[in-house]
Structures are given as structure tokens and as C-alpha cells.
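Written below as C-alpha cells is the structure these notes are about.
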Amino acid sequence: MDVTIDKIGEYEGQSVRIKGWLYNKRSSGKIFFLQIRDGSGIIQAVGVKSQLSPECFEKMQKVVQESSVIVSGRVKKDERSPGGYELSVENFDIIHLSEPYPISPKEHGVDFLMEHRHLWLRSSRQHAIMKIRNTVIRACEDFLRQEGFLRMDTPILTPAACEGTTTLFETDYFDKKAYLSQSGQLYNEANCMAFGKVYSFGPTFRAEKSKTRRHLMEFWMLEPEIAFATIDDLMELEENMIVYMVSRLLELNKADLKSIGRDISKLEAIKAPFPRLCYNDAIKLLRSKGNELPWGEDFGADEESILSLNFDKPVFVHRYPAKCKAFYMKPDSEDPNLSLSVDMLAPEGYGEITGGGQRIEDYEELLKRIEEHKLPKDAYEWYLDLRRYGSVPHSGFGIGIERTITWVCGIEHLRETIPYPRMLTRLYP
RNA sequence: UCCAGCGUAGCUCAAUGGCAGAGCAUCCGGCUGUUAACCGGACGGUUAUAAGUUCGAGUCUUAUCGCUGGAGCCA
């Protein structure tokens with residue numbers, strides 16, 4: 001019977017067959033210990049010379065790391081085995097004898113591993129991170145569905161539009177130019193006027209020459225947008241989504257988190273409510289920590305780090321100065337120099353993972369902003385339409401999936417959180 | 001783009017300006033409970049590239065390329 005390793009405990013005492021790859025091999029003369037992985041887990045298969053045909057035993061001597069194999073054997077509980085269970089080999093076949101495998105169980109450098117990303121993904125640490133990525137995405141989508149949101153995907157090829165073109169990747173679109181999307185936000189606004197609560201989820205592209213542990217040229221963003229929602233509604237939604245997502249992780253991926261060395265207690269502390277700090281108070285906090293950022297400046301890596309290290313939960317920073325946020329952010333009625341924008345900073349120094357706010361719903365006000373920012377009005381006619389036909393207050397945010405995964409995994413660099421990271425100097429593999 | 005560091009065997013790293021070395025991987029041999037197994041042996045080098053200083057350069061100088069870390073950029 002063919003089984004997968006994650007379900008092996010259900011077959012104790014039975015003979016089963018596993019199709020997979022050789023993860024590692026140890027031998028002791030007339031006994032072989034084969035670590036077999038099949039994508040669902042790793043199990044130790046034990047082959048004893050006296051219990052096997054000579055052909056079978058010969059294959060075990062010959063097999064090398066990452067060869068594809070089919071192993072048949074009896075499932076046994078054994079504490080000496082790394083997974084708690086092991087397979088007493090009855091038959092062993094090599095599907096493909098691997099060439100010498102470049103990634104050994106020993107340590108490797110970052111550059112070498114990135115160059116072999118397609119093979120690196122076979123390692124157990126990468127398995128854990130990819131499974132966590134899966135839960136993060138699925139939990140956020142599940143949460144939004146439960147809240148009545150409709151997923152509506154937005155285009156990746158777009159006309160110039162959003163902001164300036166300096167940070168956009170340009171491509172030919174027959175006899176025109178097209179740009180890779182850097183946000184689904186404007187389309188989400190149209191969609192939420194059609195369906196009330198919507199979100200988009202997909203890759204976004206930024207042609208910024210950023211070379212840090214927190215930037216990718218291509219990253220995945222989940223962007224909810226809600227009609228009739230205020231900035232306060234938005235913060236509550238974000239908070240609930242993060243709490244739900246973390247609870248799902250603790251339920252489904254505790255072993256994965258532990259295997260990459262994550263301090264679980266840090267995640268267990270993620271409970272609502274999250275602190276809410278207005279920009280002015282954030283500046284005061286920074287001053288008290290010796291940071292002298294002038295009022296009106298957006299936070300850099302330093303400031304975000306100081307703020308997020310100050311709390312053991314994510315923290316909202318809201319009402320940033322209008323001039324450091326996008327043109328469509330609604331000004332605060334109590335102080336028009338401030339915008340109804342809000343970022344969520346992840347704790348432990350990880351910094352910004354979401355950004356969003358309440359949008360301008362008034363036609364004249366939006367038009368004024370478009371002109372102030374010297375944006376081409378023609379390109380925004382459809383966007384202005386949303387303020388001509390039944391405009392309502394509305395809010396939305398975007399959450400950067402890779403940054404979020406970096407935080408929940410507690411890892412150094414976001415390059416491990418996506419299967420094939422696109423970075424400033426790396427487009428291969 | 002700027003600042004700093006690094007570039008030596010397939011990988012991870014040593015080598016005072018004076019013979020180019022180890023561990024792992026691979027191959028051969030040994031071992032019936034290994035846990036990154038272990039033990040013995042073999043294979044493995046245009047020291048990133050180019051020029052310079054020197055009796056002599058992996059080591060010092062200059063340039064170029066590449067990588068890493070950070071800054072900046074960044075709804």
C-alpha cells in the first residue's frame with residue numbers, strides 16, 4: 001500500500017510503500033539507515049543485510065543523497081528513530097541514481113544556497129517555512145471569507161497611472177507601454193463600490209533599487225478594501241486578521257515553527273487589542289529613546305525598529321503627516337496636515353507589515369490632490385468616477401506576505417519566505 | 001547609488017610576504033542501531049580577473065567583476 005510519511009503512524013505494524021528521495025544515509029556495515037523524504041515528511045528506513053536479498057542490499061550501498069527511490073517495509077515504532085517511527089525495509093528500488101548532490105548536510109553560504117534555490121527547497125528548514133507561508137496565506141483568506149469578503153483579483157499589467165513611473169517595471173504592450181502593478185488598491189476601491197467588501201491577492205512589483213533584508217522586487221500582497229469603513233474599522237479588522245492568522249499557525253504549524261527555532265511564546269502573546277499610537281505620540285516615544293527624527297518625516301528602518309521593539313505585540317501607527325503618504329489618503333478633519341493613514345509594525349524589531357488608511361471620498365478634494373501631485377488626470381478618470389457615482393467613506397490596507405512570514409518565523413531575511421525571491425541582483429533560478 | 005567586509009578544492013574554511021592545507025561531499029575499503037555516524041585510504045587547485053611592488057605574492061598596491069552586511073530609495 002502506498003502511503004505518505006506524515007500519515008505513517010496510522011500504519012504501525014503494516015507493510016507499506018513510500019515513494020520519495022534519499023535525504024541522508026548512514027551505514028554500519030551490514031545495516032543501513034536511510035532517511036527518506038517524500039515531501040510530507042522524513043522517515044528513517046532501516047535495511048539489514050541478513051533480511052534482504054543481495055540485490056536489494058547492493059542498491060542500498062550504491063544509493064546516494066537525493067536519488068529518487070521506492071521503499072517497501074514494515075512500520076515500527078522506535079524511539080531511536082528521528083521521527084518516532086521507522087521502516088524495516090523489505091524491498092528497495094532506485095528510480096534514478098542522483099549525480100553527486102551539491103547541497104550537503106553541512107553548512108553553506110547564502111550565495112551558494114540562493115544559486116541552488118531550486119534544490120535548497122528540498123531541505124527541512126525550507127519545508128517548514130513554506131508550510132508556514134501556506135498557513136499564513138490560507139488563514140488570512142479564510143478570515144476574510146468568514147467576514148464576508150469577496151476575492152477579486154486585480155490586473156498585473158496596468159497603464160501608467162498609480163504614482164510616478166520611476167519605481168515601475170516597464171514592458172511593451174503591443175504599440176503601447178504597460179507597467180507591472182505595484183498595488184491593486186485603485187481597482188480594489190472600484191471593486192468595493194461594487195461588492196462592499198473585497199480583497200485582492202497577488203504579486204506586486206517594485207523597481208526600487210532596494211538592497212535590504214526587508215525588500216523584494218516581486219512580493220505578494222493581500223489587499224482588503226471596505227466600503228463604509230473608517231480608519232478605526234480598518235484597525236479592528238487588521239488586528240482580528242492577524243490574531244486569527246497567528247492562532248491558526250499555533251494550531252497547525254507548531255512543529256514547523258519549533259524546527260526553525262522560533263520562540264513560540266512570542267507568538268502566543270499576539271492577542272487583541274494591539275496598541276494604537278498616533279504619529280505625534282510615536283515621535284514623542286522616539287524622542288524619549290534618543291531618536292531625533294524631525295516632525296513630518298516618514299519613519300526609516302531605524303525608527304520602525306525602535307517602535308516595534310517597544311511592544312510585544314504588533315503596534316498601529318496612525319495619522320502620519322499627509323505629505324509623507326499617498327495622494328488618495330483622506331486628511332484628518334481635526335488637523336488637515338495629518339492623514340487618516342495607518343501602518344502596522346510587527347514586534348521584535350520587524351517593522352512595517354501593513355499599510356493603508358481611509359481614502360478621500362470627495363470628488364473635488366481628490367481632483368485637487370491629483371493636480372497637486374501632477375498626475376495625469378485623464379488616466380484617473382475612471383478612479384474619479386468612483387467619487388461621481390455614489391461615493392462613500394471607505395478604507396483599505398495591504399499586507400506584505402513575505403514580511404509577515406519573516407516576522408512569524410522569526411528569521412533574519414525575507415529571501416527564505418518565498419520560493420523564488422526576486423532581488424536586486426538575483427533573477428536566477 | 002553610497003559605506004564596510006569578503007572572494008583559496010564541488011561546499012565550509014585555514015595558511016607570519018617564503019613547500020597550497022583541513023573537514024564535509026564524491027570514489028574505494030571496514031563496521032549489525034546510526035542521529036550532520038564513525039575509522040582507514042584515494043581523488044580534488046589558473047588562490048575571482050587584469051596589471052603592479054618584491055629575490056619571492058593567496059597574503060601588499062591599483063582597477064574591474066561578483067557576493068555579503070548596512071544605508072539610502074521605498075503608499
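Quick note on labels: first sequence line is chain A, next is B, and so on, each numbered from 1.
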May I ask you to decide whether A:Arg387 forms a salt bridge with A:Asp385, counting only side-chain N to carboxylate O separations under 4.0 Å?
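Judged by the 4.0 Å cut-off on N to carboxylate O distance, A:Arg387 and A:Asp385 do not form a salt bridge.
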Looking at A:Lys62 and A:Glu58, is any side-chain nitrogen of the basic one under 4.0 Å from a carboxylate oxygen of the acidic one?
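Salt bridge: no.
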Could a donor-acceptor pair under 3.5 angstrom be found where the side chain of A:His215 meets the base of B:rC74?
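Flag set: donor-acceptor pair detected.
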Would you state whether a donor and an acceptor, one from the side chain of A:Lys211 and one from the base of B:rG72, lie under 3.5 Å apart?
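Check fails, no donor-acceptor contact within cut-off.
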Specify the residues of residues 419-429 of chain A, ordered by number, for which at least one heavy atom lies under 4.0 angstrom from an atom of RNA chain B.
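The stretch gives A:Thr425, A:Arg426 as the residues lying under 4.0 Å from the strand, ordered by number.
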Heavy-atom nearest nucleotide on RNA chain B for A:Lys325 versus A:Asp302: which residue maps closer to 5'?
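Closer to the 5' end of RNA chain B: A:Asp302.
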Heavy atoms under 4.0 Å, any strand shown: does [X] hit a base, just sugar-phosphate, or nothing?
| X | answer |
| --- | --- |
| A:Asp298 | nothing |
| A:Arg359 | nothing |
| A:Lys49 | nothing |
| A:Gly109 | sugar-phosphate |
| A:Glu412 | nothing |
| A:His413 | sugar-phosphate |

Whole-Å gap separating P (B:rU12) and NE2 (A:His108):
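A:His108 atom NE2 is separated from B:rU12 atom P by 7 Å.
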Take the protein atom NZ of A:Lys25 and the nucleotide atom P of B:rA25, then report the distance between them rounded to whole Å.
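After rounding, the gap between these two atoms is 11 Å.
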All stems with RNA chain B, defined as three or more consecutive Watson-Crick or G-U pairs under 3.5 Å
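Detected stem regions: B:1-7 with B:65-71, B:10-13 with B:21-24, B:26-30 with B:38-42, B:48-52 with B:60-64.
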Closest heavy-atom contact between A:Thr417 and A:Ile411?
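In this case the closest contact between A:Thr417 and A:Ile411 is CG2-CD1, 3.8 Å.
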If you measure only the distance, is there a donor-acceptor pair under 3.5 Å linking the side chains of A:Ser124 and A:His127?
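No, because no side-chain N or O of A:Ser124 sits under 3.5 Å from a partner of the opposite role on A:His127.
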